[in-house]
There are 2 protein chains.
Amino acid sequence: MEVPVAKVDPLPDVALPIQQILSVEKAQRMAEFFGTLGDPNRWRILSALALAEMRVRDLAAAVEMTESAVSHQLRILRTMRLVGYRKQGRNVLYSLKDHHIMNLYRDVSEHLDEPDDGVASP
Amino acid sequence: MEVPVAKVDPLPDVALPIQQILSVEKAQRMAEFFGTLGDPNRWRILSALALAEMRVRDLAAAVEMTESAVSHQLRILRTMRLVGYRKQGRNVLYSLKDHHIMNLYRDVSEHLDEPDDGVASP
DNA sequence: CAAAAGTATGAATACCTGTTCATGTGTTAT
DNA sequence: ATAACACATGAACAGGTATTCATACTTTTG
């Protein structure tokens with residue numbers, strides 16, 4: 001029997017889930033993840049993969065990096081489960097595994113585009 | 001006068017705003033920001049400030065860091081406009097400037113809590 | 001089978017980053 | 001005024017990180 005109930009978000013956008021200082025472990029995991037997104041070339045790689053599944057070779061050409069460098073970075077992105085891959089002959093096709101990342105991109109992009117409301121140094 | 005209109009998100013969660021590879025400049029700005037969130041101690045500081053406005057001194061005690069180290073980090077967080085401050089006598093009270101950050105925390109926290117669907121190395 | 005293509009990996013190096021230590025600046029108290 | 005307090009800052013040092021280079025591995029092609 002069909003139940004016509006719309007999915008309800010568990011919490012609205014107002015959510016502020018922090019009730020105490022992050023433990024060192026949790027903070028470390030957070031930092032590790034965000035740190036992964038703390039490199040410009042990795043962002044270029046991710047944005048390229050957001051467009052299409054791609055070979056390492058083409059990726060390297062697209063972002064103007066050495067294939068070796070790209071390969072190294074892909075390993076890191078794999079570790080963070082941000083990209084997936086599938087082998088096809090002697091090629092390896094990489095793709096964005098978690099498109100959720102692009103939401104982070106949007107959110108932060110908005111933050112960065114906010115005007116500088118006069119922030120001086122103390 | 002109070003206007004009882006619920007805020008409406010401009011775009012649903014499906015948004016995927018990337019249509020081309022990020023420019024080096026844009027990627028750099030992204031990386032710079034995410035890199036700021038790529039340090040465990042900064043996360044602990046932010047989470048502490050999410051609880052309450054705090055002096056540097058108390059902050060240092062709360063996250064178990066040197067006041068100097070905290071001060072250094074606060075400067076970085078200030079630069080990224082993540083925290084604000086107000087002077088009060090010889091104290092300086094810091095606070096979370098952009099609570100939006102905590103949404104990032106929630107989102108990524110969910111990502112990290114996803115089970116490992118067997119991701120082997122190629 | 002040998003050569004070539006595509007990718008991965010390890011070591012080395014240059015660069016960046018965060019903490020500590022010492023010191024400086026501004027404010028309150030005696 | 002002088003001492004004490006709160007915070008900021010610069011230099012120095014240690015640890016981490018990303019690229020390059022050389023090489024190895026795997027699959028395809030001749």
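Please read these numbers as outputs of a predicted model, since none were measured by experiment. Chain naming here is simple, since letters A, B, ... match the order of the sequence lines and numbering starts at 1 in each.
In this entry the distance linking CE of Met54(A) with P of dT7(C) reads 12 Å, nearest Å. In this structure, Asp39(B) atom CG and dG15(D) atom P are separated by 16 Å, rounded to whole Å. Arg86(B) places its CZ atom 16 Å from the C1' atom of dA6(D), with the value rounded to the nearest Å. Taking atom CD1 on Ile76(A) and atom P on dT7(C), their separation rounds to 18 Å, with Å as the unit. Look at CD on Glu67(B): it is 19 Å from P on dG26(C), rounded to the nearest Å. Following rounding to the nearest Å, Arg44(A) (CZ) and dA18(D) (P) show an atom-to-atom distance of 16 Å. Rounded to an integer number of Å, the gap from NZ of Lys87(A) to P of dA5(C) is 20 Å. Atom CD in Gln73(A) sits roughly 14 Å away from atom P in dT9(C) (whole-Å rounding).
The two atoms that bring Lys97(A) and Val83(A) nearest to each other are CB-C, 3.5 Å, heavy atoms only. Summarising the geometry of Phe34(B) relative to Leu37(A), their closest heavy-atom pair is CB-O, 3.2 Å, with the distance given to 0.1 Å.
Within the structure, side-chain hydrogen bond (donor to acceptor under 3.5 Å, both in side chains) pairs that include any residue of residues 32-50 of chain B comprise Arg42(B)-Gln73(B) (at least two apart or interchain).
Remark: the backbone N or O of Asn91(A) is not paired with any side-chain donor or acceptor of Arg57(A) at under 3.5 angstrom.
Proximity note for Arg75(B) (side chain, C-beta onward) versus dC7(D), dT9(D), dA29(C): the nearest is dT9(D). When distances run from any side-chain atom of Arg90(B) to the nucleotides dT7(C), dA4(D), dA8(D), the shortest one goes to dA4(D).
Residues Ala69(A) and Ala69(B) both approach DNA chain D. Their nearest nucleotides, taken by heavy-atom distance, put Ala69(B) toward the 5′ side. The residue among Thr36(B) and Asn91(A) whose nearest nucleotide of DNA chain C is located toward the 5' end is Asn91(A). Nearer to the 5' terminus of DNA chain D, by closest-nucleotide assignment, is the contact made by Asp58(B) (compared with the other of Gly89(A) and Asp58(B)).
The base of dT20(C) sits with one of its N or O atoms less than 3.5 Å from a complementary donor or acceptor on the side chain of His72(B). Evaluation of atom-type donor-acceptor distances gives no pair under 3.5 Å for the side chain of Ser68(A) against the base of dT7(C).
For dA18(D), one of the phosphate oxygens OP1 or OP2 lies less than 4.0 angstrom from a side-chain nitrogen or oxygen of Arg42(A). Within the 4.0 Å cut-off from OP1 or OP2 of dA6(D), at least one side-chain nitrogen or oxygen of Arg57(B) is found. Regarding contacts with the backbone of dT19(C), a side-chain N or O of Asn41(B) is found under 4.0 angstrom from either OP1 or OP2. The side chain of Tyr94(A) places an N or O atom within less than 4.0 Å of a non-bridging phosphate oxygen (OP1 or OP2) of dA8(C). For Gln88(A), no side-chain nitrogen or oxygen approaches OP1 or OP2 of dT27(D) to under 4.0 Å.
Heavy atoms of Thr66(A) sit under 4.0 angstrom from primed sugar atoms or phosphate atoms, though from no base atom.
In the hydrophobic cluster analysis, where Ile, Leu, Val, Met, Phe, Trp and Tyr join through side-chain heavy atoms closer than 4.5 angstrom, Ile76(B) is grouped apart from Leu59(B). By the criterion of side-chain heavy atoms lying less than 4.5 angstrom apart, applied directly or through intervening Ile, Leu, Val, Met, Phe, Trp or Tyr residues, Leu82(B) is grouped together with Leu112(A) in one hydrophobic cluster.
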